[in-house]
Every structure is written in structure tokens, then in C-alpha cells.
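What's counted below: heavy atoms across the whole structure, side chains too, no hydrogens, waters or symmetry copies. These figures come from a predicted structure and were not determined experimentally. In this chain, numbering begins with 1 at the start of the sequence shown.
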Amino acid sequence: MQDAAREIFRVEDFESFSQWLRQNFDTYCAPGMFDEGLAPGTVEALTGHLAREIWQFMPLPGNHFKPRPLPKLKPNDPCACGSGAKFKQCCQRLTGNFSLTLESEQVWVFAIPALQEFGLLEKAVASRRVPLEGLLEAAIALFDQNQLRKSAALLEPMVALEQASKSGSLHDYALNLLCNCYDALGFHRKKRALLDTLVEQAPKSILRGGAWQRLACILMDEGDDKAAWQAFQRAQRDTPHSDSLGVLEIQLLMAGGRLSEIPPRAEFWRRQLLRAGLHKDDPQVDLLKGFMEDPVGMMLQLSGAEELLELYRWIVQQQSTEVPPYQLEELPPIEGPDGQPAPAAMLIAPAASKSVRSRWAKVCPLYPPFDSVGHGFEELDPWEPELFDRWMGVLSRYPTAWNDIDILDDLAALLLDEQFWGDSAAQQLLERVLRRSRAIIAASVAEDTQLPWVIAENRPALRALMRLVTLLNDTGRKAQAVELSEWILRLNAEDNHGLRWELMDAYLKGGRDKDALTLAQLYDGDIAPQTRYGKVLALFRLGDLAGAEAAVRDAHTDLPYVARYLCLKRIRQPELDEFGITLGGEDQAWFYRDDMRATWDATEGALDWLKKLARSLP
């Protein structure tokens with residue numbers, strides 16, 4: 001049909017086209033199709049009537065892109081097969097077998113590639129004769145052939161602002177395909193500009209609802225959880241019956257770590273689709289059923305991440321096993337931040353872990369960790385199939401690896417590989433690994449016992465807890481992150497990770513002023529604006545203005561720029577060093593302002609009080 005369209009557009013002459021079809025017919029016949037032979041005149045009969053059928057549907061450029069059907073054959077007309085006999089005496093009885101019954105959009109699917117070849121597509125689109133279905137089918141075909149720019153050129157008019165008020169499901173599909181084109185071409189700004197234009201300027205419509213849905217996905221990937229949910233709610237208001245809303249909500253819940261909420265929401269959306277008339281075996285209904293039963297596994301299956309899926313299944317098999325307590329080797333008591341001695345210990349892995357740990361060390365594609373949070377990777381990708389098979393093979397043969405904090409530490413590092421950044425399913429696996437480490441630590445260590453970071457054997461455990469804090473914060477579970485941070489500071493009061501700074505800010509943002517003051521007093525003299533100026537704000541809120549003033553004067557000695565950076569409404573960003581910050585420098589003051597000025601500003605009178613006091617500071 002595409003070749004036929006090309007030939008018709010070349011000359012727009014029926015006799016020429018009919019002759020071309022007759023001469024080239026064998027090219028389109030399957031090998032062996034006519035091995036038994038043909039009666040004389042069969043090819044002529046087939047091609048003559050097939051040519052008429054194709055011609056009558058084809059939009060002709062010379063006829064304003066409308067078909068120009070031939071007159072219907074009358075019984076006494078010469079037969080179309082070219083036999084010379086009258087139609088009634090030749091092929092009239094066969095005409096019912098030659099009807100193509102083509103829909104207009106199907107014809108345009110064949111016609112559009114030929115129009116593009118002859119440079120006539122823009123003229124055809126401008127004629128407004130091309131139905132939306134035809135344009136969309138052609139765009140899909142071009143996308144499948146990796147002709148992305150041509151596909152995008154067809155799709156862009158379908159999702160233009162003026163289309164919004166009359167948009168339907170085809171426009172929504174076109175928007176989705178166009179976004180895929182832009183992604184494949186790397187046109188991310190162009191994609192974002194299109195979506196922003198639609199959500200800001202289009203009226204309530206299916207097209208605007210589709211734009212909100214895709215914007216929610218982008219915001220989710222950017223880690224803006226609040227804005228992503230707002231976009232989802234806008235999409236719900238615009239298109240409450242959209243089939244894709246259910247999967248989008250599940251993706252948002254997954255990205256936010258709200259795993260327990262997924263099954264009931266998947267069930268809700270599944271019932272919605274069934275009430276809308278979809279059958280139980282419909283792929284969308286079946287997909288939601290999978291999310292009801294196993295959200296993480298379903299997400300991994302959809303993503304095609306086979307290695308992650310295999311690791312996930314191993315974790316699921318192990319996670320119900322009993323938590324084994326580690327042994328503790330007593331250390332000399334250490335002085336806590338309150339000046340009082342506290343019992344300290346070193347974690348000792350169970351003897352059963354030694355053999356599996358030695359096997360793991362031979363296949364683990366990681367260098368030993370070199371700092372408080374990270375491992376060093378070998379040059380090869382640890383998830384490359386050959387390497388993955390090696391270390392996954394050890395895990396499969398030795399389930400007790402699930403009980404070893406050092407191996408869990410390595411697994412966490414593997415799941416933190418940059419290729420999984422923003423991957424909500426990988427994040428779920430990471431959380432299960434980190435929570436296993438936490439459970440082992442909780443089962444092993446008494447409430448009043450410290451695990452000093454300076455002892456190398458304690459570092460994998462403390463590193464797991466720190467990673468879990470980061471994960472909880474990143475997924476919006478701030479209260480859980482605060483609770484875990486408090487426990488980590490009890491385990492490692494030396495706080496080699498600077499956790500007290502985040503905790504102080506969280507206390508003040510949450511209105512826990514007494515807790516903030518207690519924390520500041522524990523780390524009195526700390527050269528960080530979080531603790532020093534956190535103490536100032538806590539005292540101010542608690543009504544101790546004299547104490548707050550003394551705290552400001554004391555802090556200003558070590559942090560001479562913070563007060564000015566807090567007080568000024570606008571201030572130029574200082575030069576920042578990519579390798580770190582300057583203690584007591586303007587860059588340190590800038591970062592504190594960026595994090596906490598809004599909290600200071602929300603405390604009535606705090607900034608005005610600080611401005612007046614700052615005038616008397618050296």
C-alpha cells in the first residue's frame with residue numbers, strides 16, 4: 001500500500017498506476033503462493049480490480065487531498081481486468097471479493113510516508129484533510145522507525161494550545177508520544193516548556209490533564225515530592241477518569257517510600273477500571289492486581305531491571321529470618337558530650353559469618369570504604385552481567401549473608417550506584433537492606449552503650465544507619481529521620497558525620513525549642529552555625545533574651561558573617577569552593593542562611609532583634 005501510494009502520487013494517473021501494479025504484482029506475492037499455477041487472466045483480474053479499490057480511497061494532492069473515485073463499472077462496460085469482455089460477462093461476479101473496506105485513517109497511514117517523500121506533507125496538513133487518527137498512526141510508525149524528528153513534527157500541531165478545548169484521548173496519546181520523542185532526542189527543556197505552557201495557559205481539558213500527569217512524573221524524578229503530588233491532584237481534577245492515573249499514583253507512592261499505601265490504592269483503581277467496563281484480564285487491570293500483591297516486584301518487572309529483580313527475590317526469601325544478635329567486645333568507657341563516662345563496645349560478627357564473608361570478599365566488586373559514607377568502585381560496572389552473576393551467586397548459595405552487617409554494607413553501596421539514582425524500586429531494595437542492618441544493631445546493643453566510629457568494626461553499622469537517615473529525609477519521612485538521628489547520636493556521641501547539625505535544624509523547624517537547646521548545650525563550642533545560632537534561636541523563642549544575646553556574642557567570635565547573612569533580605573552569594581567550606585567563612589554563612597533564614601523569619605521579632613544586636617557586634 002505504501003508503494004502504491006508513492007506510485008499514485010508520482011503521476012496521479014489511474015491507467016499508469018494500474019499498469020504498474022500489474023507489472024509488479026509478483027513482488028508482493030509470498031514465495032510459493034501460486035505453485036499450483038493460475039488460470040489464464042487471473043493476475044489481470046486481481047490487479048485490475050485491486051487497482052480500482054486502492055485508487056478510490058487514495059487522497060490525491062491534485063484534488064486537494066481528496067480521493068477521485070472512478071465511475072462505477074456498469075454491466076456493459078469493458079471489464080477492468082483488460083480481457084476485452086463486458087464486465088457482466090467477466091468479473092462482475094467477483095467484485096465482492098475485491099473490497100478493501102479501508103478506513104480513512106488507515107489510508108493516510110500509507111499515504112503520509114509518500115507525501116513526506118515528495119515534500120507534500122505540510123501542504124496536506126495545512127489542507128485540514130488529514131484526520132487526527134491518520135496523523136497519529138503515521139507518527140507512531142515514524143517513531144518505531146526511529147525517525148524521531150519527523151514523528152515530532154507530526155505530533156506538535158496535535159498538542160498545540162489551541163487544540164486543548166476540543167482535545168480527546170488521541171490528543172493525550174499524541175502528547176505522550178511527543179514527550180517520548182523529546183526524551184529520545186534529548187530535548188528536555190523543550191518538553192518542559194511545552195508542559196508548562198499547557199498547564200499554565202490551556203483550559204481544563206484532557207490535554208491539560210495529560211500535561212499535569214507528565215509534569216508530576218518530572219517533578220517526582222527531580223525529588224520535589226510536594227509539587228509532584230500537587231500536579232497529580234490537578235491531573236485528577238482535569239481528567240478524573242483517566243486510565244493512567246492509578247499507575248501514576250502508585251509511582252508517586254513508591255518514590256515517597258509509602259509502600260504500605262500502594263496495595264489499597266491499587267485495589268481502588270482496579271475497581272474503578274472494572275466499573276468503567278474493562279475486563280478482569282485486561283492488561284491494565286492485571287497490572288494493578290500485580291501492584292496489590294507485590295508492589296516492588298511489579299515495579300521491577302515493568303522496568304526490565306532483571307538484576308535488581310533477582311536481588312529483590314533473594315531479599316524477600318531472607319527477610320523473614322530471625323535477626324541474629326552480634327557479640328559485643330567491651331571497650332574502656334568513653335566520655336560523652338555531657339562529660340560523663342559511658343560504656344562502649346565493638347561489634348563482633350557471629351563465627352558463622354566468617355566463611356561467607358571470605359567468599360564474598362573474593363567476588364565483591366568494591367574497594368573497602370574510604371570515608372564515613374562511601375565505598376570505592378572498581379572501574380568495571382558491578383552490575384555488568386558477568387560480575388553480577390559472581391556476587392549474586394555467592395548470595396544465592398549462602399543465605400546467611402543476610403545476617404552480616406559488612407555484606408549488607410556492600411549491598412547498600414551497590415544499590416547506591418549512580419545508575420539507580422532516582423529509581424524508586426532500587427530505593428525500596430536499599431531500604432530493606434538498611435533496615436536489616438538496623439534490626440541487627442538494635443538486637444545487639446544496649447540503650448546506654450556507645451559504638452565509637454573510631455573503631456573500624458563499628459563503621460559498617462553506623463554507616464547503614466546514616467544512609468537510612470538520608471533515605472528517610474529524601475522520601476519525606478522527616479519524623480522517622482529525626483527519631484533515628486537521635487538514636488545514632490546516642491550510639492556515637494562523637495558524631496563524626498555532623499548529624500547534630502541536621503537534627504538541630506529539624507528541631508527548630510518542628511518547634512522543639514527545648515530539645516534544640518539541650519542539643520546545643522551538649523555540643524557547646526561546636527564551630528558550626530547550626531548549633532551556635534540554633535542555640536540563639538531556641539533561647540529567643542523560650543524567652544531568654546539575655547541568654548540569646550550572650551550566645552550571639554559568643555558565636556560571632558567564631559562565625560563573624562552569619563548574623564549579617566541572616567539579617568539582610570537580599571545578599572549576593574559568595575564564591576563557593578567545590579572542595580568544601582571555610583570554617584567561619586562567608587560560604588558557611590551563606591549555606592546556613594539558605595537552610596534556615598525562612599525559619600528565623602517565621603519566628604516573630606527574631607530577625608529584627610538580631611539586626612539591632614548586630615549593630616553592636618565588632
Side-chain angles (χ1 to χ4, degrees), residues 220 222-229 249-265 295-296 299 312 315-316 319-320 323 372-373 405 408-409 411-413 415-416 420-447 450-451 453 460-493 495-516 518-519 522 530 534 595-596 599:
M220 176 182 67
E222 291 175 352
D224 194 341
D225 187 69
K226 183 179 179 181
W229 279 106
E249 183 177 10
I250 287 166
Q251 287 177 307
L252 291 174
L253 291 171
M254 182 76 76
R258 296 158 60 180
L259 201 62
S260 62
E261 299 176 49
I262 291 177
R265 293 307 296 164
V296 178
M299 189 68 77
Y312 168 70
I315 290 172
V316 170
Q319 62 186 12
S320 60
V323 176
S372 61
V373 291
I405 291 178
L408 294 174
D409 185 40
L411 285 178
L415 288 165
L416 284 165
F420 300 126
W421 291 354
D423 187 316
S424 54
Q427 204 172 59
Q428 287 297 327
L429 271 65
L430 174 64
E431 182 164 347
R432 294 182 188 215
V433 168
L434 297 177
R435 287 194 179 278
R436 181 65 173 186
S437 294
R438 177 180 181 173
I440 294 172
I441 300 163
S444 307
V445 183
E447 178 71 22
Q450 291 209 34
L451 297 177
W453 173 261
L462 294 171
R463 188 161 40 242
L465 298 179
M466 284 300 305
R467 284 169 167 162
L468 186 53
V469 168
T470 301
L471 178 60
L472 292 171
N473 276 318
D474 288 347
T475 52
R477 290 171 284 176
K478 305 294 185 182
Q480 292 183 44
V482 166
E483 183 181 354
L484 179 56
S485 298
E486 292 170 336
W487 184 43
I488 296 172
L489 286 183
R490 291 196 295 272
L491 287 174
N492 179 39
D495 188 23
N496 306 80
H497 308 88
L499 190 58
R500 59 193 179 277
W501 305 327
E502 292 182 15
L503 187 57
M504 173 65 79
D505 290 351
Y507 280 159
L508 292 170
K509 289 175 182 178
R512 296 175 59 177
D513 303 321
K514 290 184 178 178
D515 290 330
T518 300
L519 183 63
L522 282 175
Q530 289 86 351
D595 286 337
M596 289 297 291
T599 305

Subject >> Any donor-acceptor N/O pair, Gln450 side chain to Ala493 backbone, under 3.5 Å >> reply: yes
Original post:
Between Met254 and Pro295, which heavy-atom pair has the shortest distance, and what is it?
Top reply: CE-O, 3.5 Å
**OP:** Rounded to the nearest 0.5 Å, what's the gap from CD1 on Ile488 to CG on Asn496? Could you check?
**Re:** 12.0 Å
**OP:** Of all the heavy-atom pairs spanning Arg467 and Ala412, show the shortest one and how long it is.
**Re:** NH1-CB, 3.6 Å
**OP:** Can you measure from CD1 (Ile440) to CZ (Arg435) and round to the nearest 0.5 angstrom?
**Re:** 14.0 Å
Original post:
Side chains of Gln530 and Arg500: donor-acceptor distance under 3.5 Å anywhere?
Top reply: no
Original post:
Could Arg477 and Glu431 be called an ion pair, given the rule that one side-chain N must be under 4.0 Å from one carboxylate O?
Top reply: yes
**OP:** Could you grab the distance from atom CD of Glu502 to atom NZ of Lys509, nearest 0.5 Å is fine?
**Re:** 9.5 Å
**OP:** State, to 0.1 Å, how close Met220 and Gln251 come at their nearest heavy-atom pair, and which atoms those are.
**Re:** SD-O, 3.4 Å
**OP:** Taking the side chain as every heavy atom from C-beta outward, state whether Leu253 and Glu249 have any atom pair closer than 4.5 Å.
**Re:** yes
**OP:** Mark yes or no for whether Lys478, through its side chain, and Asn473, through its backbone, hold a donor-acceptor pair below 3.5 Å.
**Re:** yes
Original post:
Can you tell if the side chain of Val296 reaches within under 4.5 Å of the side chain of Arg432, non-hydrogen atoms only?
Top reply: yes
Original post:
Hey, are the side chains of Leu415 and Gln427 touching, using non-hydrogen atoms and a 4.5 Å cut-off?
Top reply: no
Original post:
Under a 4.5 Å cut-off applied to non-hydrogen side-chain atoms, are Met504 and Trp501 in contact?
Top reply: no
Subject >> Smallest separation among heavy atoms of Leu491 and Leu465, with atom names >> reply: CD1-CD1, 3.7 Å
Original post:
Is any side-chain heavy atom of Tyr312 less than 4.5 Å from a side-chain heavy atom of Gln428?
Top reply: no
**OP:** Could you give me the CA-CA distance, side-chain angles and deciding distance for Gln319 and Arg436, then say whether side chain to side chain donor-acceptor pair (under 3.5 Å) is met?
**Re:** CA-CA 8 Å; Gln319 62 186 12; Arg436 181 65 173 186; over 6 Å; no
Original post:
Shortest non-hydrogen contact from Leu252 to Ala228?
Top reply: CD2-CB, 3.8 Å
Original post:
Under 4.0 Å between a Lys/Arg side-chain N and an Asp/Glu carboxylate O for Arg438 and Glu483?
Top reply: no
Subject >> Matching residue for Leu430 among Leu411, Leu468, Leu416 - test: side chain to side chain contact (heavy atoms under 4.5 Å, CB included) >> reply: Leu416
Subject >> Test item: Leu499 and Asn492 side chains (from C-beta on) under 4.5 Å apart, heavy atoms >> reply: no
Subject >> OG-CG distance between Ser437 and Leu408, expressed to the nearest 0.5 angstrom >> reply: 4.0 Å
Subject >> Contact summary for Ala464 and Leu434, nearest pair of heavy atoms >> reply: O-CD2, 3.7 Å
**OP:** Quick one: pull up CG in Leu451 and CD1 in Ile441 and give me the separation to the nearest 0.5 Å.
**Re:** 7.5 Å
Subject >> Exercise: do Tyr507 and Glu486 side chains pair donor with acceptor under 3.5 Å >> reply: yes
Subject >> Exam field: side chain Trp453 to backbone Leu462, donor-acceptor pair closer than 3.5 Å >> reply: no
Original post:
To the nearest 0.5 Å, what is the distance between CD1 (Ile250) and CD1 (Ile262)?
Top reply: 6.5 Å
Original post:
If we only count heavy atoms from C-beta on, is the Glu261 to Leu259 side-chain gap below 4.5 Å?
Top reply: no
